[in-house]
Structures are given as structure tokens and as C-alpha cells.
Amino acid sequence: MCGIVGIVGQAPVNQRIYDALTVLQHRGQDAAGIMTMHEGELFARKDAGLVRDVFQRRDMLQLAGNMGIGHVRYPTAGCDRPDEAQPFYVNSPFGIGLGHNGNLTNMAALSRELVREDRRHLNTSSDSEVLLNVFASELHKCEGERLAPSQIFAALETVFRRCHGGFAVVALVVGHGVVGFRDPHGIRPLVLGRRDTPRGPEWMLASESVALDMIGFRLVRDVRPGEAVYIDEQAHLHTHQCAPCERHTPCIFEYVYFARPDSIIDNISVHKARMRMGERLAEKIRRLRPDHDIDVVIPIPDTSRTSAMQLAAALGVKYREGFVKNRYIGRTFIMPGQELRQKSVRGKLNAIDLEFRGRTVLLVDDSIVRGTTSAQIIEMAREAGARKVYFASAAPPVRYPNVYGIDMPVISELVAGGRSYDEVSRIVGADWLIYQDLDDLVAACRHDYAEVREFDTSCFSGEYVTGDVTEEYLRALVENRADEVRARRREEPQPGRVVRVV
């Protein structure tokens, strides 16, 4: 999962892109990058690390121009090296920079096709570079020194035909403007915002609406599945449906975990969806254990707070904050390597003994992926004096890999992969474990004013909405996503950088 932003303004955009990326930092803490354009010249800075660490004052001063794009990354399968920080860039045609959130399911075939037929050279193993080169190759076929919007959209129609999977993209085309587009199923989010100034309108594209809010843009709408948006240098907006939307199926894990609660994605409030998750979970608890002995509900900060608070209210049980979080440690789910994740849990959370001592505690988390974090937190609750520790997940069991841009591991590394509830409960050390039902999760994320009626639930159901995920493809994931494989890749020598960017 990554965060992307693009702005076409009436004044320099460097600080606003920086501010937007800090708001989207929860979507990726591995690397960050900004690319801007001024009078036909590109300026770029990217590196591994948090936004605040990658960009210093001297860097910001050199990122000139009234339009630009930005990206924060967490590493996905086969893409976890410093030289793969985005935006990526190719100098032909025109000069194109691109930031990408998602994953191409046909990357291997596309890579071979690009080298053999398009005569493009690939420097990395990133599917984002593949997508960039497909776009560049199609733009190269356009005639004339300057592209008309219709030519850009015609090129993107072919990009949609060639690229499969889940993706949201922002691209900067030198001398032209900023382009944004979203996969035909709308799996990955992308929103459009506007701000009116005395000089004229300014436009912004971002992964989440909260990025618009924080820098004074109003949410216009979501970019539609299969739609492309082009904002030219004069801040004129052009849109085109480049591919039909047969099924609008946004990723449900955005609402469970990734998105900020103050975001609205596909006209669905993340906060309200999480409230309904808590209500549905409370109904299940009352159904299974009407005479439960829960004394207190405690959330695992931060994502589960909304669900836990609503669950406690529905059960008529006390809600308490039982863990203090060190906010200077990143999200353990997106940290590379099992050893690093395990070390981070104890450094990230500390229990308040008074809230646990002698009580039957229901801990609530947004989901359980590998189970190692859950097991350590349950152990901490027991050490703090809890009499019994129950554990509730606001999401169903994660049993299958995610192939659309969330780096969920192979089945063998998922605690619920091939195991029953009781087996998972024993592994994590809970006295009782309760999961949300999938139908209830879908109902919680859906409401009458949103046009979304179904979601990508592949990590829970094993049903992949794009219809091109085969057993052979899933086997190949094992070679790229297993922790030991990724550890070896990180230890390999890094290629030298031949171009210094500001």
C-alpha cells in the first residue's frame, strides 16, 4: 500500500505536496519522493525514509514549480529496495514521472513484452516502473510536438487494456500537466479535489480525502473506476472513461485498517464504517455469549479505537484505554521482516496495569494477519494482571494473500491460513477469540448513499475480482513475499545511482 498525490496550482506546490504526504504517511513509511515541474524543467528528490527525514529545507527550495506529484511507499512483493523509491522517471517521450499505488497482476508478462516488443529498458523489479513504461510507450506513438487531451486518453485506453490488477496512478508529463487514473474495478482509491483562488482554480489528486482537507482543498468526487483525469498547465480539467467499469469493488481492507478514519472513500466514511463494524461485532458476541463476563473493552491503538468504542457501548460494558502507544514507531504490519515486527510491538505499546488487574478484558483489534503482534499484546495483558483475555477482530480471518497492492504474506505466514478459530486462539494465547463475519463486514462498509454494493474481499474469501489470479501466480508469490526471501534480497548489493537528484 502506498500514498500518492498530484497538484496543479497557481503558486508553488512543493510545500503542499510535502504536507499532503505527511498526512498520507500512514500508507507507507519505507520511502518518499516529490517531483515538480517549472518552465519545462523537472526537479526531484526521493529516498528511503519518512517524509520528514527525506526532505530538508535545501531540498524543498529546489523543488520549484506550480505542479508536481508525490509518493510515500511501503515495500510490496519484489519491490523493497531504496533505489525503487518513487516517483519513477523516463525521459522519452517528453519526460514523464509517475507514482503508483497498487500491484499489477500481469507484471511478469508485461515486463517481457516491454523489452521484446516495445524496446523499453527496465532498471528495477518494480511493477510501477513497468506501468510507467507502458504509458510512455503508448504516448510515444502519438503524433505532434504537443499532446491534445484526446491523445493522452487514447494512450491510456491502451494502458488499461495492457495492465491488469489494482492501481491508482498520478503522472507528471513535462510541458503538459498531471494525469491521474484508477483501475477498472476501483480497487485502489483516488480522489479529486479543487480549490478556488483569485488567480484561478487549483486541482489535486490524492489517495485519501483527508489529504485534501489538510491543505484546504474540497473533495469534488472520487475518480471513477477506469476513468482518467488530465489537468493541463492552465489548470483546465479534462476527464475521460478509458475503460468500462464492469464491477466497482474497492478494497475492503482500506476501511478495516489502511485509511485514516477522517477520510471518505467512494462516498463511504471510514469512521462510520468502523463504527458499524463494532456494532456488528457486538451483535455477534451477544448472540454467541449472551451471559458474557466481559468487564472492560480495550482497543489496540490506533485503528481499532472506533470499532472498540462502539462495541463497548452496544454491549453496555466499560471502554478503557489500556495501552499507551509510542507514536515514534511505525505501523508493525507494514514493517519488512518478522524479526523487526516482533521487536517493534514491545517498543510501541505499554500496558496500564490498573485497567487490566483482576479483570476479564476484551481486546479489540482491526484484524489479525500473522498473529505475532496479537500474541505479544495478549501476553502483555496477562502480565498486567488480567484475569482472562478475550480477543476480538473487527475483520474476518485473513486466510489468503492480497495481490492488489497490500503486502499480505503467503498463506503459510498467515496465522489463520488453513487453521480453525480454536487453533488460532491457542496460537495467540487468547481465552476466547472472536472474528467478524464477512457478511457483517461488507454490510458495515456499505450504506444507502454510496453506489458501492460489493468489495474486493480476496484476503478473507480467496475470491479475486479481476479474474486473472491463477494458482501458478499465487505460487510465484511465495518466491517473492516470504520473509526469508525478502531478507536475502535486502542483503544483496545495491546498484549504484548514476544520476543525482536534488
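Note that this is a predicted model, so its numbers are computed, not measured. Keep in mind that the numbers below use all heavy atoms, side chains included, and drop hydrogens, waters and symmetry copies. The residues of the chain are indexed from 1 along the displayed sequence.
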>> Walk me through whether M277 and D366 qualify under side-chain contact (heavy atoms from CB on, under 4.5 Å).
In response: CA-CA 9 Å; M277 290 176 205; D366 51 78; over 6 Å; no
> Is the shortest distance from a Lys or Arg side-chain nitrogen in R305 or D302 to a carboxylate oxygen in the other one below 4.0 Å?
Replying inline: yes
>> In the structure I gave you, are the side-chain heavy atoms of P12 and N66 within less than 4.5 Å of one another anywhere?
In response: yes
> Does CZ in R199 sit with more than 12 non-hydrogen atoms of other residues, nucleotides or ligands closer than 6.0 Å?
Replying inline: no
>> Using the ring-ring contact (aromatic ring centres under 6.0 Å, His included) criterion, which residues pair with Y319? Sequence neighbours excluded.
In response: none
> Which pairs, with at least one residue in residues 130-139 and sequence neighbours excluded, count as a salt bridge (charged side-chain N to carboxylate O under 4.0 Å, His left out)?
Replying inline: E138-K141, E138-R162
>> Students often mix this up, so state it plainly: with edges at 30° and 60°, are the rings of H238 and H236 parallel, tilted or perpendicular?
In response: perpendicular
> For the salt bridge (Lys or Arg N to Asp or Glu O under 4.0 Å) test, which of R182, R224, R221 pairs with D266?
Replying inline: R182
>> Below 30° counts as parallel, above 60° as perpendicular, anything between as tilted: where do the rings of F460 and F253 land?
In response: tilted
>> What's the separation between atom OH in Y18 and atom CZ in R45, rounded to the nearest 0.5 Å?
In response: 12.0 Å
> What pair of heavy atoms forms the shortest contact from C251 to I406, and how long is it?
Replying inline: SG-CD1, 3.7 Å
>> Set out, in order, the CA-CA distance, both residues' side-chain angles and the distance that settles side-chain contact (heavy atoms from CB on, under 4.5 Å) for V159 and V169, then state yes or no.
In response: CA-CA 12 Å; V159 171; V169 175; over 6 Å; no
>> Going by ring-ring contact (aromatic ring centres under 6.0 Å, His included), name the residues that satisfy it together with F167, two or more places apart in sequence or in a different chain.
In response: F160
> So, for P201 and D196, which heavy atoms are closest and what is the spacing to 0.1 Å?
Replying inline: CB-OD1, 4.0 Å
> Distance-only, no hydrogens or angles: does the S207 side chain make a donor-acceptor pair with backbone N or O of I4 under 3.5 Å?
Replying inline: yes
>> Quick check: do I96 and P93 have side-chain heavy atoms less than 4.5 Å from each other?
In response: yes
>> Taking the side chain as everything from C-beta on, heavy atoms only, tell me whether V229 gets closer than 4.5 Å to L190.
In response: no
>> How long is the straight-line distance from CG of L132 back to CZ of R120, given to the nearest 0.5 Å?
In response: 7.5 Å
>> Quick check for you: to the nearest 0.5 Å, what is the distance between L414 atom CG and R370 atom CZ?
In response: 7.5 Å
>> When you compare the side chain of P189 with that of R27, does any pair of heavy atoms fall below 4.5 Å?
In response: yes
>> side-chain contact (heavy atoms from CB on, under 4.5 Å), that's the test. Do L237 and L192 meet it? Break it down for me.
In response: CA-CA 11 Å; L237 176 70; L192 174 68; 4.1 Å; yes
> So, Q25 side chain and V51 main chain: donor-acceptor pair closer than 3.5 Å or not?
Replying inline: yes
>> Distance check, rounded to the nearest 0.5 Å: R188 atom CZ versus Y404 atom OH?
In response: 10.5 Å
> Does E208 reach the main-chain N or O of R260 with its side chain, forming a donor-acceptor pair under 3.5 Å?
Replying inline: yes
>> Could you walk me through whether E129 and T124 satisfy the side-chain hydrogen bond (donor to acceptor under 3.5 Å, both in side chains) test, starting with their C-alpha distance in whole Å, then the side-chain angles of each, then the deciding distance to 0.1 Å, before giving a yes or no?
In response: CA-CA 7 Å; E129 190 191 14; T124 72; 2.8 Å; yes
>> Can you give me the closest heavy-atom contact between M214 and V23, atom names plus distance?
In response: CG-CG2, 3.5 Å
> Do the side chain of Q62 and the main chain of R58 share a donor and acceptor less than 3.5 angstrom apart?
Replying inline: yes
>> With a 6.0 Å cut-off (strictly less than), is the heavy-atom count around CD of E451, excluding the residue itself, greater than 12?
In response: no
Which atom pairs, one a donor and one an acceptor, fall under 3.5 Å between side chains of residues 439-446 and the rest of the protein, sequence neighbours left out?
unit_1 : atom_1 : unit_2 : atom_2 : d
D440   : OD1    : R280   : NH1    : 3.3
R446   : NH1    : R453   : O      : 2.8

> If every non-hydrogen atom of V452 is compared with every non-hydrogen atom of H248, which pair is closest and at what distance?
Replying inline: CG2-CE1, 3.7 Å
>> With a 3.5 Å distance limit and no angle check, can you tell me whether S304 reaches the backbone of V364 through a side-chain donor-acceptor pair?
In response: yes
> So, for H100 and G166, which heavy atoms are closest and what is the spacing to 0.1 Å?
Replying inline: NE2-O, 4.2 Å
> Taking C-beta and beyond as the side chain, do E84 and S125 meet within less than 4.5 Å on heavy atoms?
Replying inline: yes
> Is there side-chain contact between I268 and F455, with heavy atoms separated by less than 4.5 Å?
Replying inline: yes
>> Is there a side-chain contact (heavy atoms from CB on, under 4.5 Å) between N14 and F43? Walk through the geometry before answering.
In response: CA-CA 10 Å; N14 53 353; F43 303 88; over 6 Å; no
> Taking atom CG of L363 and atom OG of S374, what is their separation to the nearest 0.5 Å?
Replying inline: 9.0 Å
> Within the side chain of K46, is there an N or O that forms a donor-acceptor pair under 3.5 Å with the backbone of P87?
Replying inline: yes
> If only atom types and distance count, is the side chain of S111 paired as donor or acceptor with the main-chain N or O of M107 below 3.5 Å?
Replying inline: yes
>> Any side-chain to backbone donor/acceptor pair from S367 onto A395? Under 3.5 Å, distance only.
In response: no
>> Counting neighbours of NE2 on H447 that are heavy atoms of other residues, nucleotides or ligands and sit closer than 6.0 Å, is the number greater than 12?
In response: yes
> Under the salt bridge (charged side-chain N to carboxylate O under 4.0 Å, His left out) test, which residues partner E233, sequence neighbours left out?
Replying inline: R146
>> Among residues at least two apart in sequence or on other chains, which ones pass side-chain hydrogen bond (donor to acceptor under 3.5 Å, both in side chains) with D456?
In response: S458
> Shortest non-hydrogen contact from C242 to L156?
Replying inline: SG-CB, 3.9 Å
> Taking side chain as C-beta onward, heavy atoms only, is I368 less than 4.5 Å from Y435?
Replying inline: yes
>> A side-chain contact here means heavy atoms from C-beta on lying under 4.5 Å apart; do P225 and H185 qualify?
In response: no
>> Between N106 and H164 (side chain of the first, backbone of the second, donor and acceptor by atom type, cut-off under 3.5 Å), is there such a pair?
In response: yes
> When rounded to the nearest 0.5 angstrom, what is the spacing between CD in E454 and OG1 in T249?
Replying inline: 6.0 Å
>> Quick check against the 3.5 Å criterion: does E202 have a side-chain atom that pairs as donor or acceptor with the backbone of Q10?
In response: yes
